[in-house]
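Values below: every heavy atom of this structure, side chains too, minus hydrogens, waters and symmetry copies. Here is how names work: the chains are called A, B, and so on, in the same order as the sequence lines, proteins then strands, and each is numbered from 1.
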Amino acid sequence: MQAPQSKEEKQLETSLDDLLQRVRELKQGISSFIYKLENDYQNISWPNMMEHFGVLSSGLSTTKRLLKAEKMPLLRNYVLFPILLSPDRDPHLEKLTEGRVLAFNHEVVPDYLRTKPEPEVEEKVQLLSVKASSITPEVAQKQLTALNKITSNILDIINASSDEWDKDSNQKNVVPSTSSPQDTLTLISAITKGSKLRRPDPTSMQQCPPMGPTQQQQMQQQQQLQPQKPMPVVGRVPSTIKTNIKAAATSHPYQRP
Amino acid sequence: METTSLAPSLKNIAPQQEYLLQASILDANRDVLLHRLRGLCDNAESNFETFADYEAVYVLSFLESSAVQQSQAVSFRVRHALDDPEAPDHIRYIGQAELGDRARPTLVRACLDVACSSNVREFLQEMGFKLDYDCVMKGYFFHKGRMKVTVYKIFRLLQPGKTDSSNWEPLSMSHLVELSVVAPLGQEQIGEDMKNFAEQLKPLVVLEKFDHRRLHN
(Lines give C-alpha, C1' and ligand atoms only; values in the text may rest on other atoms or scores of the structure.)
Protein backbone atom coordinates (compact mmCIF):
# COMPACT_ATOMS: atom_id res chain seq x y z
CA MET A 1 0.00 0.00 0.00
CA GLN A 2 2.87 2.30 0.78
CA ALA A 3 4.37 2.48 -2.69
CA PRO A 4 1.37 3.51 -4.81
CA GLN A 5 0.34 6.06 -2.24
CA SER A 6 3.71 7.77 -2.37
CA LYS A 7 3.57 7.66 -6.15
CA GLU A 8 0.26 9.44 -6.06
CA GLU A 9 1.66 11.98 -3.67
CA LYS A 10 4.63 12.53 -5.91
CA GLN A 11 2.36 13.10 -8.85
CA LEU A 12 0.31 15.56 -6.86
CA GLU A 13 3.42 17.42 -5.85
CA THR A 14 4.81 17.78 -9.35
CA SER A 15 1.50 18.81 -10.83
CA LEU A 16 0.99 21.32 -8.07
CA ASP A 17 4.43 22.72 -8.83
CA ASP A 18 3.46 23.07 -12.49
CA LEU A 19 0.26 24.77 -11.56
CA LEU A 20 2.06 27.15 -9.21
CA GLN A 21 4.52 27.99 -11.96
CA ARG A 22 1.72 28.80 -14.40
CA VAL A 23 -0.17 30.90 -11.91
CA ARG A 24 2.99 32.78 -11.03
CA GLU A 25 3.62 33.57 -14.72
CA LEU A 26 0.05 34.70 -15.11
CA LYS A 27 0.35 36.91 -12.06
CA GLN A 28 3.54 38.43 -13.39
CA GLY A 29 1.85 39.18 -16.69
CA ILE A 30 -1.06 40.88 -14.98
CA SER A 31 1.12 42.94 -12.69
CA SER A 32 3.36 44.14 -15.50
CA PHE A 33 0.29 45.10 -17.48
CA ILE A 34 -1.15 46.99 -14.53
CA TYR A 35 2.20 48.68 -14.00
CA LYS A 36 2.25 49.76 -17.62
CA LEU A 37 -1.32 51.05 -17.44
CA GLU A 38 -0.58 53.07 -14.34
CA ASN A 39 2.83 54.48 -15.16
CA ASP A 40 3.29 54.37 -18.90
CA TYR A 41 -0.23 54.99 -20.14
CA GLN A 42 0.82 57.80 -22.52
CA ASN A 43 2.85 55.44 -24.66
CA ILE A 44 0.48 52.51 -24.71
CA SER A 45 -1.13 51.98 -28.10
CA TRP A 46 -4.26 50.04 -28.97
CA PRO A 47 -2.43 47.15 -30.70
CA ASN A 48 -0.07 47.04 -27.73
CA MET A 49 -3.04 46.75 -25.40
CA MET A 50 -4.55 43.96 -27.45
CA GLU A 51 -1.25 42.15 -27.36
CA HIS A 52 -1.26 42.24 -23.56
CA PHE A 53 -4.79 40.92 -23.46
CA GLY A 54 -3.81 38.17 -25.85
CA VAL A 55 -0.90 37.09 -23.65
CA LEU A 56 -3.14 37.03 -20.57
CA SER A 57 -5.89 35.04 -22.23
CA SER A 58 -3.47 32.48 -23.60
CA GLY A 59 -1.96 32.16 -20.11
CA LEU A 60 -5.41 31.51 -18.68
CA SER A 61 -6.22 28.91 -21.27
CA THR A 62 -2.95 27.02 -20.70
CA THR A 63 -3.70 26.94 -16.99
CA LYS A 64 -7.15 25.59 -17.72
CA ARG A 65 -5.70 22.95 -20.03
CA LEU A 66 -3.24 21.96 -17.36
CA LEU A 67 -6.09 21.38 -14.90
CA LYS A 68 -7.85 19.15 -17.37
CA ALA A 69 -4.73 17.21 -18.32
CA GLU A 70 -4.67 13.52 -17.55
CA LYS A 71 -1.63 13.64 -15.34
CA MET A 72 -3.33 16.11 -13.07
CA PRO A 73 -4.96 14.23 -10.15
CA LEU A 74 -8.53 15.17 -9.39
CA LEU A 75 -7.93 18.07 -7.07
CA ARG A 76 -11.49 18.15 -5.83
CA ASN A 77 -10.86 14.81 -4.16
CA TYR A 78 -8.44 16.49 -1.82
CA VAL A 79 -9.86 18.22 1.19
CA LEU A 80 -8.24 21.15 2.92
CA PHE A 81 -9.44 21.93 6.38
CA PRO A 82 -8.14 24.36 8.92
CA ILE A 83 -6.80 22.82 12.12
CA LEU A 84 -5.93 25.96 13.91
CA LEU A 85 -7.15 29.49 13.56
CA SER A 86 -5.19 32.18 15.24
CA PRO A 87 -5.81 35.91 15.41
CA ASP A 88 -2.08 36.56 15.63
CA ARG A 89 -0.02 37.78 12.79
CA ASP A 90 1.78 34.99 10.98
CA PRO A 91 5.03 36.23 9.31
CA HIS A 92 5.47 32.99 7.36
CA LEU A 93 1.99 33.21 5.85
CA GLU A 94 2.52 36.89 5.18
CA LYS A 95 5.66 36.11 3.23
CA LEU A 96 4.01 33.27 1.28
CA THR A 97 1.10 35.44 0.21
CA GLU A 98 3.28 38.45 -0.46
CA GLY A 99 1.60 40.52 2.19
CA ARG A 100 -1.98 39.86 1.16
CA VAL A 101 -2.99 37.61 4.05
CA LEU A 102 -1.55 38.77 7.36
CA ALA A 103 -3.09 36.20 9.67
CA PHE A 104 -4.93 32.92 9.46
CA ASN A 105 -7.92 34.12 11.48
CA HIS A 106 -11.70 33.79 11.63
CA GLU A 107 -12.19 36.66 9.26
CA VAL A 108 -10.28 35.42 6.24
CA VAL A 109 -10.70 31.66 6.50
CA PRO A 110 -14.36 31.53 5.39
CA ASP A 111 -13.46 33.56 2.33
CA TYR A 112 -10.36 31.65 1.29
CA LEU A 113 -11.52 28.14 2.02
CA ARG A 114 -15.07 28.47 0.76
CA THR A 115 -16.26 25.61 -1.44
CA LYS A 116 -19.87 26.70 -1.79
CA PRO A 117 -21.31 29.94 -3.13
CA GLU A 118 -22.26 32.71 -0.75
CA PRO A 119 -25.60 32.31 1.04
CA GLU A 120 -27.30 35.05 -1.00
CA VAL A 121 -26.21 33.46 -4.22
CA GLU A 122 -27.35 30.10 -2.96
CA GLU A 123 -30.75 31.59 -2.17
CA LYS A 124 -31.08 32.95 -5.67
CA VAL A 125 -30.11 29.63 -7.19
CA GLN A 126 -32.66 27.94 -4.96
CA LEU A 127 -35.34 30.31 -6.12
CA LEU A 128 -34.54 29.66 -9.75
CA SER A 129 -34.49 25.89 -9.35
CA VAL A 130 -37.86 25.98 -7.58
CA LYS A 131 -39.24 28.02 -10.43
CA ALA A 132 -37.78 25.62 -12.96
CA SER A 133 -39.23 22.59 -11.26
CA SER A 134 -42.66 24.21 -11.08
CA ILE A 135 -43.01 24.22 -14.89
CA THR A 136 -44.69 21.21 -16.44
CA PRO A 137 -42.58 19.13 -18.83
CA GLU A 138 -44.83 20.08 -21.78
CA VAL A 139 -44.36 23.78 -21.20
CA ALA A 140 -40.67 23.25 -20.73
CA GLN A 141 -40.51 21.32 -23.99
CA LYS A 142 -42.38 24.10 -25.76
CA GLN A 143 -40.06 26.74 -24.41
CA LEU A 144 -37.08 24.62 -25.34
CA THR A 145 -38.16 24.23 -28.94
CA ALA A 146 -38.99 27.93 -29.18
CA LEU A 147 -35.57 28.84 -27.86
CA ASN A 148 -33.90 26.39 -30.23
CA LYS A 149 -35.79 27.88 -33.11
CA ILE A 150 -34.79 31.41 -32.23
CA THR A 151 -31.20 30.40 -31.72
CA SER A 152 -30.96 28.57 -35.01
CA ASN A 153 -32.58 31.50 -36.79
CA ILE A 154 -30.10 33.91 -35.33
CA LEU A 155 -27.30 31.54 -36.19
CA ASP A 156 -28.49 31.43 -39.80
CA ILE A 157 -28.60 35.20 -39.99
CA ILE A 158 -25.14 35.52 -38.55
CA ASN A 159 -23.73 32.89 -40.89
CA ALA A 160 -25.33 34.48 -43.91
CA SER A 161 -24.02 37.91 -43.15
CA SER A 162 -20.59 36.61 -42.25
CA ASP A 163 -20.49 34.87 -45.62
CA GLU A 164 -21.42 38.14 -47.23
CA TRP A 165 -18.74 40.02 -45.33
CA ASP A 166 -16.19 37.45 -46.34
CA LYS A 167 -17.25 37.74 -49.93
CA ASP A 168 -17.12 41.52 -49.72
CA SER A 169 -13.70 41.62 -48.21
CA ASN A 170 -12.47 39.00 -50.66
CA GLN A 171 -13.76 41.00 -53.54
CA LYS A 172 -12.09 44.08 -52.20
CA ASN A 173 -8.83 42.23 -51.79
CA VAL A 174 -8.91 40.47 -55.10
CA VAL A 175 -10.20 43.10 -57.52
CA PRO A 176 -9.41 46.70 -56.65
CA SER A 177 -10.44 47.52 -60.24
CA THR A 178 -10.89 51.21 -59.57
CA SER A 179 -8.56 51.95 -62.43
CA SER A 180 -7.44 50.28 -65.58
CA PRO A 181 -3.76 50.30 -66.55
CA GLN A 182 -4.76 50.23 -70.20
CA ASP A 183 -6.76 53.42 -69.82
CA THR A 184 -3.92 55.05 -67.92
CA LEU A 185 -1.62 54.31 -70.80
CA THR A 186 -4.10 55.55 -73.38
CA LEU A 187 -4.78 58.78 -71.56
CA ILE A 188 -1.18 59.58 -70.76
CA SER A 189 0.01 58.91 -74.26
CA ALA A 190 -2.84 61.04 -75.57
CA ILE A 191 -1.93 63.94 -73.36
CA THR A 192 1.82 63.78 -73.90
CA LYS A 193 2.16 62.51 -77.44
CA GLY A 194 -1.24 63.17 -78.88
CA SER A 195 -1.92 59.55 -79.79
CA LYS A 196 -5.52 59.03 -80.87
CA LEU A 197 -6.00 62.79 -80.82
CA ARG A 198 -3.94 63.65 -83.84
CA ARG A 199 -6.24 63.82 -86.81
CA PRO A 200 -5.10 62.98 -90.31
CA ASP A 201 -4.93 66.50 -91.63
CA PRO A 202 -2.69 67.00 -94.62
CA THR A 203 -3.99 70.42 -95.52
CA SER A 204 -2.96 72.23 -92.39
CA MET A 205 0.61 72.58 -93.61
CA GLN A 206 0.08 72.30 -97.31
CA GLN A 207 -0.15 75.98 -98.04
CA CYS A 208 2.25 77.26 -95.44
CA PRO A 209 5.18 78.95 -97.16
CA PRO A 210 7.15 80.15 -94.11
CA MET A 211 8.48 76.68 -93.51
CA GLY A 212 8.50 75.72 -97.13
CA PRO A 213 7.10 72.31 -98.04
CA THR A 214 9.87 70.01 -97.01
CA GLN A 215 10.32 66.47 -98.07
CA GLN A 216 9.19 65.20 -94.73
CA GLN A 217 5.97 67.12 -94.91
CA GLN A 218 5.30 65.80 -98.33
CA MET A 219 5.83 62.33 -97.04
CA GLN A 220 3.42 63.01 -94.23
CA GLN A 221 0.89 64.33 -96.62
CA GLN A 222 1.09 61.23 -98.70
CA GLN A 223 0.75 59.02 -95.66
CA GLN A 224 -2.08 60.97 -94.23
CA LEU A 225 -4.05 61.33 -97.43
CA GLN A 226 -4.81 57.66 -97.51
CA PRO A 227 -6.47 57.22 -94.13
CA GLN A 228 -8.41 60.38 -94.71
CA LYS A 229 -10.56 59.03 -97.48
CA PRO A 230 -12.71 56.66 -95.40
CA MET A 231 -13.46 59.45 -92.95
CA PRO A 232 -15.64 61.98 -94.72
CA VAL A 233 -16.46 63.85 -91.49
CA VAL A 234 -12.86 64.75 -90.91
CA GLY A 235 -12.19 65.33 -94.56
CA ARG A 236 -14.91 67.86 -95.06
CA VAL A 237 -13.87 70.29 -92.40
CA PRO A 238 -10.13 70.84 -92.92
CA SER A 239 -11.00 72.95 -95.91
CA THR A 240 -11.88 75.82 -93.60
CA ILE A 241 -8.54 75.54 -91.91
CA LYS A 242 -6.87 75.46 -95.26
CA THR A 243 -8.28 78.78 -96.26
CA ASN A 244 -7.48 80.25 -92.89
CA ILE A 245 -3.90 79.29 -93.12
CA LYS A 246 -3.65 80.40 -96.66
CA ALA A 247 -4.80 83.81 -95.60
CA ALA A 248 -2.35 83.89 -92.76
CA ALA A 249 0.44 82.65 -94.95
CA THR A 250 -0.01 85.19 -97.68
CA SER A 251 0.07 88.01 -95.20
CA HIS A 252 3.30 86.71 -93.72
CA PRO A 253 5.81 89.54 -94.01
CA TYR A 254 8.97 87.54 -93.49
CA GLN A 255 10.78 85.53 -96.04
CA ARG A 256 12.83 82.57 -95.06
CA PRO A 257 15.89 81.37 -96.87
CA MET B 1 16.68 79.62 -87.38
CA GLU B 2 15.33 82.05 -84.87
CA THR B 3 13.19 79.48 -83.16
CA THR B 4 16.10 77.32 -82.04
CA SER B 5 17.32 80.04 -79.75
CA LEU B 6 13.82 80.91 -78.67
CA ALA B 7 13.10 77.93 -76.48
CA PRO B 8 16.25 78.10 -74.35
CA SER B 9 15.89 81.84 -73.86
CA LEU B 10 12.35 81.37 -72.68
CA LYS B 11 13.57 78.75 -70.28
CA ASN B 12 16.06 81.20 -68.83
CA ILE B 13 13.34 83.62 -67.85
CA ALA B 14 12.06 81.40 -65.10
CA PRO B 15 13.68 78.01 -64.74
CA GLN B 16 10.66 76.20 -63.41
CA GLN B 17 10.23 72.48 -63.20
CA GLU B 18 7.16 70.40 -63.06
CA TYR B 19 7.07 67.42 -60.72
CA LEU B 20 4.46 65.00 -61.93
CA LEU B 21 2.71 61.79 -60.91
CA GLN B 22 -0.01 60.23 -63.04
CA ALA B 23 -2.73 57.62 -62.85
CA SER B 24 -6.24 57.04 -64.04
CA ILE B 25 -9.55 56.10 -62.47
CA LEU B 26 -12.57 54.44 -64.00
CA ASP B 27 -15.56 56.74 -64.40
CA ALA B 28 -17.63 54.61 -62.00
CA ASN B 29 -15.19 55.19 -59.16
CA ARG B 30 -14.62 58.85 -59.83
CA ASP B 31 -16.91 60.18 -57.13
CA VAL B 32 -15.23 58.12 -54.42
CA LEU B 33 -11.92 59.62 -55.42
CA LEU B 34 -13.36 63.12 -55.58
CA HIS B 35 -14.71 62.86 -52.05
CA ARG B 36 -11.47 61.54 -50.75
CA LEU B 37 -9.56 64.32 -52.44
CA ARG B 38 -11.96 66.87 -51.06
CA GLY B 39 -11.21 65.61 -47.58
CA LEU B 40 -7.47 65.59 -48.13
CA CYS B 41 -7.05 68.90 -49.90
CA ASP B 42 -7.49 72.53 -48.98
CA ASN B 43 -10.91 74.19 -49.10
CA ALA B 44 -12.66 70.99 -48.04
CA GLU B 45 -15.81 72.89 -47.15
CA SER B 46 -16.38 74.48 -50.56
CA ASN B 47 -17.75 72.72 -53.61
CA PHE B 48 -15.65 70.97 -56.20
CA GLU B 49 -13.80 73.31 -58.50
CA THR B 50 -14.41 72.30 -62.07
CA PHE B 51 -12.72 73.19 -65.29
CA ALA B 52 -13.25 72.63 -68.98
CA ASP B 53 -10.32 73.56 -71.19
CA TYR B 54 -9.64 73.33 -74.86
CA GLU B 55 -6.02 72.49 -75.53
CA ALA B 56 -4.27 72.66 -78.85
CA VAL B 57 -0.69 71.58 -79.33
CA TYR B 58 1.35 73.45 -81.91
CA VAL B 59 4.56 71.98 -83.13
CA LEU B 60 7.51 73.30 -85.06
CA SER B 61 9.98 70.81 -86.41
CA PHE B 62 13.35 71.79 -87.79
CA LEU B 63 14.73 68.59 -89.12
CA GLU B 64 14.06 66.99 -92.43
CA SER B 65 14.29 63.43 -91.21
CA SER B 66 11.06 62.15 -89.78
CA ALA B 67 12.84 59.62 -87.59
CA VAL B 68 14.09 62.23 -85.17
CA GLN B 69 11.21 64.57 -85.70
CA GLN B 70 9.46 63.75 -82.49
CA SER B 71 12.39 64.50 -80.21
CA GLN B 72 13.65 67.55 -82.08
CA ALA B 73 10.37 69.33 -82.43
CA VAL B 74 9.42 72.25 -80.24
CA SER B 75 5.84 72.20 -79.18
CA PHE B 76 3.63 74.61 -77.32
CA ARG B 77 0.35 73.85 -75.65
CA VAL B 78 -2.26 76.54 -75.90
CA ARG B 79 -5.25 76.33 -73.64
CA HIS B 80 -8.30 78.35 -73.13
CA ALA B 81 -11.14 77.87 -70.72
CA LEU B 82 -14.45 76.92 -72.28
CA ASP B 83 -16.39 77.58 -69.09
CA ASP B 84 -14.90 81.02 -68.45
CA PRO B 85 -14.75 83.23 -71.54
CA GLU B 86 -13.15 86.06 -69.55
CA ALA B 87 -10.06 84.05 -68.66
CA PRO B 88 -6.93 84.72 -70.71
CA ASP B 89 -5.48 82.03 -72.92
CA HIS B 90 -2.57 80.12 -71.57
CA ILE B 91 0.50 78.90 -73.37
CA ARG B 92 2.72 76.26 -71.92
CA TYR B 93 6.04 74.79 -72.85
CA ILE B 94 6.88 71.35 -71.49
CA GLY B 95 10.33 69.91 -71.85
CA GLN B 96 11.39 66.31 -72.11
CA ALA B 97 11.32 64.34 -68.90
CA GLU B 98 14.67 64.63 -67.18
CA LEU B 99 16.55 61.40 -67.08
CA GLY B 100 17.99 62.05 -63.63
CA ASP B 101 18.34 59.24 -61.17
CA ARG B 102 15.86 56.43 -60.92
CA ALA B 103 15.35 56.85 -57.20
CA ARG B 104 13.57 60.13 -57.77
CA PRO B 105 9.97 59.68 -56.67
CA THR B 106 8.42 61.76 -59.45
CA LEU B 107 8.84 62.63 -63.05
CA VAL B 108 10.65 65.96 -63.44
CA ARG B 109 10.54 68.12 -66.52
CA ALA B 110 11.12 71.71 -67.51
CA CYS B 111 7.97 73.71 -67.65
CA LEU B 112 7.00 77.23 -68.56
CA ASP B 113 3.56 78.79 -68.21
CA VAL B 114 2.54 82.14 -69.62
CA ALA B 115 -0.83 83.76 -69.84
CA CYS B 116 -1.47 85.35 -73.19
CA SER B 117 -4.08 86.89 -75.43
CA SER B 118 -6.38 84.83 -77.56
CA ASN B 119 -4.61 85.57 -80.85
CA VAL B 120 -1.67 83.44 -79.78
CA ARG B 121 -2.83 80.71 -82.16
CA GLU B 122 -2.52 82.94 -85.17
CA PHE B 123 0.80 84.16 -83.88
CA LEU B 124 2.17 80.64 -83.60
CA GLN B 125 0.92 79.75 -87.04
CA GLU B 126 2.56 82.85 -88.46
CA MET B 127 5.81 81.65 -86.98
CA GLY B 128 5.48 78.36 -88.79
CA PHE B 129 4.00 76.24 -86.07
CA LYS B 130 1.35 73.82 -87.16
CA LEU B 131 -1.48 72.35 -85.19
CA ASP B 132 -0.37 68.91 -84.09
CA TYR B 133 -3.42 67.76 -82.17
CA ASP B 134 -6.12 69.15 -79.94
CA CYS B 135 -8.54 67.98 -77.29
CA VAL B 136 -10.90 69.10 -74.58
CA MET B 137 -10.21 68.38 -70.93
CA LYS B 138 -13.05 68.54 -68.49
CA GLY B 139 -12.87 67.70 -64.85
CA TYR B 140 -12.08 68.71 -61.32
CA PHE B 141 -9.30 70.58 -59.71
CA PHE B 142 -7.93 70.46 -56.15
CA HIS B 143 -4.99 71.97 -54.44
CA LYS B 144 -3.15 71.27 -51.25
CA GLY B 145 -0.43 73.78 -50.52
CA ARG B 146 1.39 74.02 -53.79
CA MET B 147 0.38 70.57 -54.88
CA LYS B 148 -2.21 70.52 -57.62
CA VAL B 149 -4.47 67.58 -58.27
CA THR B 150 -6.54 67.33 -61.42
CA VAL B 151 -9.08 64.64 -62.21
CA TYR B 152 -10.30 65.02 -65.75
CA LYS B 153 -11.63 63.34 -68.80
CA ILE B 154 -10.10 63.81 -72.22
CA PHE B 155 -12.38 64.33 -75.19
CA ARG B 156 -11.54 64.22 -78.83
CA LEU B 157 -13.22 66.77 -81.08
CA LEU B 158 -15.26 65.02 -83.73
CA GLN B 159 -15.04 68.00 -86.02
CA PRO B 160 -12.01 70.24 -85.76
CA GLY B 161 -12.48 73.68 -84.34
CA LYS B 162 -15.90 73.12 -82.82
CA THR B 163 -15.67 73.10 -79.07
CA ASP B 164 -19.32 72.75 -78.04
CA SER B 165 -19.99 69.66 -76.02
CA SER B 166 -22.05 67.88 -78.71
CA ASN B 167 -18.84 67.60 -80.66
CA TRP B 168 -16.90 65.80 -77.94
CA GLU B 169 -16.09 62.15 -77.90
CA PRO B 170 -14.55 60.67 -74.75
CA LEU B 171 -11.22 58.99 -75.33
CA SER B 172 -11.74 56.27 -72.74
CA MET B 173 -13.89 55.15 -69.84
CA SER B 174 -11.49 56.65 -67.35
CA HIS B 175 -10.49 59.95 -65.88
CA LEU B 176 -6.86 60.91 -65.87
CA VAL B 177 -5.52 61.81 -62.43
CA GLU B 178 -2.48 64.05 -62.18
CA LEU B 179 -0.63 65.30 -59.15
CA SER B 180 1.79 68.06 -60.02
CA VAL B 181 3.85 70.83 -58.51
CA VAL B 182 5.56 73.55 -60.47
CA ALA B 183 8.56 74.85 -58.58
CA PRO B 184 11.95 76.44 -59.21
CA LEU B 185 14.92 74.21 -59.93
CA GLY B 186 16.37 71.85 -57.38
CA GLN B 187 13.67 71.36 -54.78
CA GLU B 188 13.87 67.63 -54.34
CA GLN B 189 11.85 67.63 -51.12
CA ILE B 190 8.66 68.18 -53.11
CA GLY B 191 8.95 64.74 -54.63
CA GLU B 192 8.81 63.16 -51.19
CA ASP B 193 5.79 65.25 -50.19
CA MET B 194 4.01 64.22 -53.34
CA LYS B 195 4.81 60.60 -52.76
CA ASN B 196 3.37 60.78 -49.25
CA PHE B 197 0.24 62.41 -50.56
CA ALA B 198 -0.12 59.78 -53.26
CA GLU B 199 0.13 57.08 -50.59
CA GLN B 200 -3.13 58.32 -49.12
CA LEU B 201 -5.02 57.72 -52.34
CA LYS B 202 -4.07 54.06 -52.52
CA PRO B 203 -5.55 51.66 -53.42
CA LEU B 204 -8.15 53.77 -55.19
CA VAL B 205 -5.60 55.16 -57.57
CA VAL B 206 -1.93 54.37 -57.64
CA LEU B 207 -0.18 57.54 -58.74
CA GLU B 208 3.01 56.69 -60.50
CA LYS B 209 6.04 58.19 -62.06
CA PHE B 210 5.33 57.44 -65.66
CA ASP B 211 8.16 57.02 -68.10
CA HIS B 212 6.99 58.89 -71.18
CA ARG B 213 9.67 57.33 -73.32
CA ARG B 214 7.81 54.05 -72.98
CA LEU B 215 4.83 55.50 -74.79
CA HIS B 216 4.32 55.01 -78.47
CA ASN B 217 2.32 57.12 -80.80
Discussion item. Between A/T184 and B/A23 (side chain of the first, backbone of the second, donor and acceptor by atom type, cut-off under 3.5 Å), is there such a pair?
Written reply: no
Discussion item. Just by distance, no angles: are the side chains of A/D156 and A/N159 close enough, under 3.5 Å, to form a donor-acceptor pair?
Written reply: no
Practice prompt. Could you have a look at B/V205, B/D134, B/V32, B/V177 and say which one has the most heavy-atom pairs with chain A under 4.5 angstrom?
Written response: B/D134
Response to the item:
Cut-off 4.5 Å, heavy atoms of chain A, and the answer for B/R109 is side chain
Discussion item. Which atoms of B/M137 are under 4.5 Å from chain A, going by heavy atoms: the side chain, the backbone, both sets, or neither?
Written reply: side chain
Fill in: From CA spacing to verdict: salt bridge (charged side-chain N to carboxylate O under 4.0 Å, His left out), B/K138, B/D83
CA-CA 10 Å; B/K138 185 177 189 304; B/D83 52 352; over 6 Å; no
Discussion item. If we define contacts as heavy-atom pairs under 4.5 Å, which of B/L171, B/I94, B/V57, B/L204 has the most with chain A?
Written reply: B/L204
Worksheet item: So, does B/D113 use its side chain to make a donor-acceptor pair with the main chain of B/R92 at under 3.5 Å?
Response: no
Worksheet item: Can B/R38 be said to sit on top of B/F48's aromatic six-ring, NZ or CZ under 6.0 Å from centre and within 45° of the ring axis?
Response: yes
Worksheet item: Once you round to the nearest 0.5 Å, how far does CG of B/L37 lie from NE2 of B/H35?
Response: 10.5 Å
Worksheet item: Can you say whether B/L33 sits under 4.5 Å from chain A via the side chain, the backbone, both, or neither, judging by heavy atoms?
Response: neither
Fill in: Toward chain A, the part of B/D27 with a non-hydrogen atom under 4.5 Å
neither
Item to complete: Let me know if B/R77 has heavy atoms under 4.5 Å from chain A in its side chain, its backbone, both or neither.
Response: side chain
Response to the item:
Okay, B/Y152 and chain A: the region with an atom under 4.5 Å from a heavy atom over there is side chain
